[in-house]
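What follows is a set of notes on a single structure, which appears directly below.
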Amino acid sequence: MSDTDSEVISFFVREKMLEEQEPPLTERGAVKWLRENLFSSWLNGLLTIVSLYVIWYILSGIVPWLWSPTWSLGSLSECREVLTGLGETTHQACWGVIRDRWQQLLFGFYPSDAYWRPTLALVILLAGLAPVLFGSIPRWFLLFSAATPFVLFLLLWGGPIWTPLLVGVGLVLGVVAFRYLVGVNQIVAVLAAIIVPVLFWLFLVEPIAFELTYTAPIGLEFIPSKDFGGFMLSVVIGVAAIILSLPLGIMLALGRASDLFIVTKLSVIFIEIIRGVPLIVWLFTASLLLNYFLPPGTSFDLTLRVIIMVTLFSAAYIAEVVRGGLAAVPKGQYEGADSLGLSYWQSMQLIVLPQALKISIPGIVNTFIGLFKDTTLVVFIGLLDPLGLTSAIRASTDWNGIYWELYVFIGVLFFIACYGMGRYSLWLETKLQRENR
Amino acid sequence: MSVTENIPTRQIDRSQMKVSDEIAIEITGMNKWFGTFHVLRDINLTVQRGERIVVCGPSGSGKSTLIRCINRLEEHQKGTIMVDGTELSSDLKNIDKIRSEVGMCFQHFNLFPHLTILENCTLAPIWVRKTPKKEAEETAMKFLEKVKIPEQANKYPGQLSGGQQQRVAIARSLCMKPRIMLFDEPTSALDPEMIKEVLDTMIELAEEGMTMICVTHEMGFAQAVANRVIFMDQGQIVEQNEPKEFFNNPKSERTKLFLSQILGH
Ligand SMILES: Nc1ncnc2c1ncn2[C@@H]1O[C@H](COP(=O)(O)OP(=O)(O)OP(=O)(O)O)[C@@H](O)[C@H]1O
Ligand SMILES: [Mg+2]
């Protein structure tokens with residue numbers, strides 16, 4: 001028995017090579033995919049069927065509502081008439097309101113002949129952000145980025161060109177003072193870099209701007225913040241707060257992690273107080289309480305106050321996210337930087353923060369997305385954000401009683417913005433991952 | 001581990017290894033506490049320029065703490081440390097000056113993972129010494145060639161082997177043109193075959209007359225290049241001697257015990 005076995009095994013020569021064959025039908029393409037992903041077991045198959053039913057149920061409610069030939073109609077009653085005439089139910093959207101009022105939803109009560117200004121501002125904003133966000137554009141372009149805030153301010157609020165220009169000059173003076181004095185003494189240089197521009201802004205900007213406006217009245221028509229509204233208001237508050245809160249949050253995180261007792265405690269107190277109170281309370285503080293503290297007669301723009309409050313609020317969250325990142329940077333990195341003789345700020349800027357921020361990207365973007373959506377809370381202090389405008393639109397007789405169409409439109413706008421931020425965060429993470437390994 | 005292990009195969013060139021009268025480091029009556037724990041007790045140590053000192057001792061004896069005090073990664077509480085004639089005090093100017101004169105290599109390399117090898121090497125010269133970028137890069141390439149990895153210049157630390165990373169760390173320190181080098185167990189996180197390449201680099205440095213203090217348990221290295229071996233225990237310097245005497249004729253009981261454990265006699 002065993003003799004023959006060994007003979008069979010040890011004596012084998014293939015005479016005809018086998019052709020390549022297709023896998024059996026069940027192992028191919030769609031069938032395989034279905035089997036592996038949807039019906040791999042009885043329970044899985046059951047769940048698939050239940051899920052499909054739920055999806056169908058939801059879509060069968062939503063799609064007919066969305067699919068409604070009402071784009072050209074001018075009022076809600078007209079919509080109802082047409083839909084009944086078509087023999088359809090009134091459970092259908094009335095899209096005429098979007099066609100009629102989309103400009104208002106986007107721009108609020110901003111004068112319609114000036115719509116180009118916020119639109120251009122958005123284009124410039126994106127162009128100015130690009131080098132910062134994608135980091136592959138030459139350095140000189142960053143100067144353009146630095147100039148954008150002033151251009152944006154001028155475009156959005158208008159007024160004489162001189163005020164934003166002089167504010168920018170103040171910053172340049174600060175940089176010059178720092179450069180000039182840094183060789184003498186670091187602390188003096190930092191103080192000068194803060195004091196010089198502040199003094200310039202407080203005492204020189206107004207008279208100089210006044211003189212210049214008198215001699216050369218160049219500028220755009222002034223548009224007060226109370227005319228701002230709609231999605232544009234959300235973007236203005238959101239973008240300003242995002243851009244301002246990132247550096248502030250980083251400073252707070254560094255403060256909290258620092259060795260200096262007072263700095264640490266102040267940062268902790270600031271973060272905990274801001275974080276411990278709901279945003280809506282801070283917004284009410286901005287709109288009501290600040291009036292008591294400000295000298296009588298000063299009317300400090302409400303939108304600016306809101307921007308400051310939202311900035312402080314999100315800075316507290318950013319600080320905590322960045323603190324997590326700082327804690328994740330190994331101690332050896334600090335020691336490596338120290339042992340090479342790098343100063344505190346150099347080691348933070350060059351070694352620690354790049355690594356800490358990389359770790360913190362998902363958390364930071366998450367905070368920004370939350371912040372952007374929270375800008376809709378300003379409706380409670382009387383600013384006309386998109387949600388506030390829905391009531392304004394309903395107040396007209398044409399559109400009395402319309403809700404969902406407006407909310408869907410606003411929801412889609414916010415979704416696009418927030419989804420974009422989320423994708424950017426993923427892209428940045430993979431890019432940095434790739435670069436370092 | 002035996003004394004003969006990792007001894008360099010080639011003849012060591014001692015022509016440049018000269019100890020001068022100039023004092024590089026002078027530590028007098030130095031004490032340090034971690035909270036209430038007295039880690040370093042009355043340390044007195046003078047290092048002449050050109051000396052190569054090996055520090056050894058059992059784990060927790062304060063070797064790392066001692067050399068970390070020399071460039072102020074740890075702060076001492078009593079006594080004085082003079083480096084190149086500058087006293088280490090809380091004056092930030094002095095600390096920065098000393099740190100840029102004293103290079104340090106760590107057990108875990110501490111390279112910056114987000115920068116390329118070349119950027120790791122040029123960072124401090126550019127930002128601390130204000131060297132122009134091009135010049136800094138040339139210097140960096142020179143030292144990378146010296147540690148025999150110029151071809152890795154544009155890779156990231158994560159892509160290199162441990163031995164290569166440690167050699168980059170040495171090159172990074174050298175780019176600052178330090179007058180003193182400190183090594184804290186530079187080979188103890190490495191696989192045996194990589195230890196030799198790092199030790200060879202260190203031996204080359206010694207041959208060029210660099211002042212070095214190495215915490216290491218590589219006794220072969222100590223015998224080959226050190227001119228003094230210091231044995232520490234419980235935060236104190238227990239014995240110091242020239243290597244031959246130290247290994248063949250240890251005086252204190254603690255040293256004998258330690259040597260018998262580490263050399264496996
Ligand atoms: N930051 C710190 N805080 C408190 N205690 C510390 C700190 N760093 C070190 N120690 C303690 O000080 C003692 C000496 O530590 P050190 O790292 O100098 O020892 P070592 O001789 O280098 O040991 P090893 O050979 O294990 O590296 C140890 O007991 C250690 O637990
Ligand atoms: Mg140690």
Side-chain angles (χ1 to χ4, degrees), chain A residues 135-136 138-139 178-180 182-190 250 258-261 263 322 325-361 428-437, chain B residues 64 67-68 70-75 90 92-116 119-130 154-160 165 168-169 172-178 180-184 189:
Chain A
S136 55
R139 282 229 148 190
F178 182 80
R179 279 275 167 86
Y180 190 70
V182 77
V184 185
N185 184 324
Q186 281 222 341
I187 297 168
V188 173
V190 171
I250 292 173
S258 102
D259 297 333
L260 307 170
F261 182 79
V263 175
V322 173
L326 287 176
V329 175
K331 198 162 154 264
Q333 293 291 310
Y334 294 84
E335 290 178 353
D338 282 349
S339 73
L340 287 170
L342 295 175
S343 71
Y344 172 80
W345 289 110
Q346 285 173 337
S347 68
M348 285 302 144
Q349 180 202 341
L350 301 166
I351 309 299
V352 177
L353 279 178
Q355 297 181 56
L357 290 180
K358 183 183 147 194
I359 301 168
S360 320
I361 290 169
L428 191 60
E429 269 173 69
T430 37
K431 181 183 133 167
L432 293 177
Q433 208 71 47
R434 214 175 35 241
E435 273 179 4
N436 294 359
R437 301 272 149 232
Chain B
S64 300
I67 71 166
R68 288 158 59 85
I70 295 174
N71 69 350
R72 223 350 132 99
L73 289 180
E74 303 286 359
E75 197 177 333
S90 45
L92 284 175
K93 261 219 174 91
N94 284 356
I95 296 176
D96 284 345
K97 179 159 175 275
I98 288 172
R99 278 178 180 166
S100 61
E101 299 281 325
V102 178
M104 175 143 185
C105 290
F106 302 85
Q107 183 174 7
H108 296 288
F109 331 133
N110 298 355
L111 293 177
F112 308 129
H114 62 299
L115 301 176
T116 62
E119 287 165 343
N120 263 282
C121 293
T122 56
L123 185 92
I126 290 175
W127 290 86
V128 179
R129 291 245 192 274
K130 314 286 181 211
N154 291 313
K155 289 193 182 165
Y156 286 92
Q159 299 167 314
L160 268 55
Q165 290 193 41
V168 171
R172 179 176 77 176
S173 300
L174 292 179
C175 284
M176 286 295 279
K177 311 261 171 70
I180 300 164
M181 285 288 289
L182 308 174
F183 294 86
D184 189 1

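Predicted, not measured: the structure shown is a model, and the values here were computed from it. To find a chain, count down the sequence lines: A is the first, B the second, and so on, and within it residues start at 1.
- Take A/Glu335 and apply the salt bridge (Lys or Arg N to Asp or Glu O under 4.0 Å) test, not counting sequence neighbours, and it matches A/Lys331, B/Arg68.
- Considering only heavy-atom pairs separated by less than 4.5 Å from chain A, the leading option among B/Leu73, B/Leu182, B/Asn71 is B/Leu73.
- Here CG of B/Asp96 is found 11.5 Å from CG of A/Leu340. Values are rounded to the nearest 0.5 Å.
- Proximity to chain A (any heavy atom under 4.5 Å) is shown, for B/Ile98, by neither the backbone nor the side chain.
- Rounded to the nearest 0.5 Å, atoms OG (A/Ser339) and CZ (B/Arg172) are 6.0 Å apart.
- Atom CG in A/Asp338 sits 9.5 Å away from atom CD1 in B/Ile95 (nearest 0.5 Å).
- Using a 4.5 Å heavy-atom threshold, the side chains of B/Phe112 and A/Pro354 count as separate.
- Qualifying side chain to side chain donor-acceptor pair (under 3.5 Å) partners for A/Gln355, counting only residues two or more places apart in sequence or in other chains: A/Gln333, B/His114.
- For the pair B/Leu123/A/Gln346, no side-chain contact is recorded, criterion being any heavy-atom separation below 4.5 Å from C-beta on.
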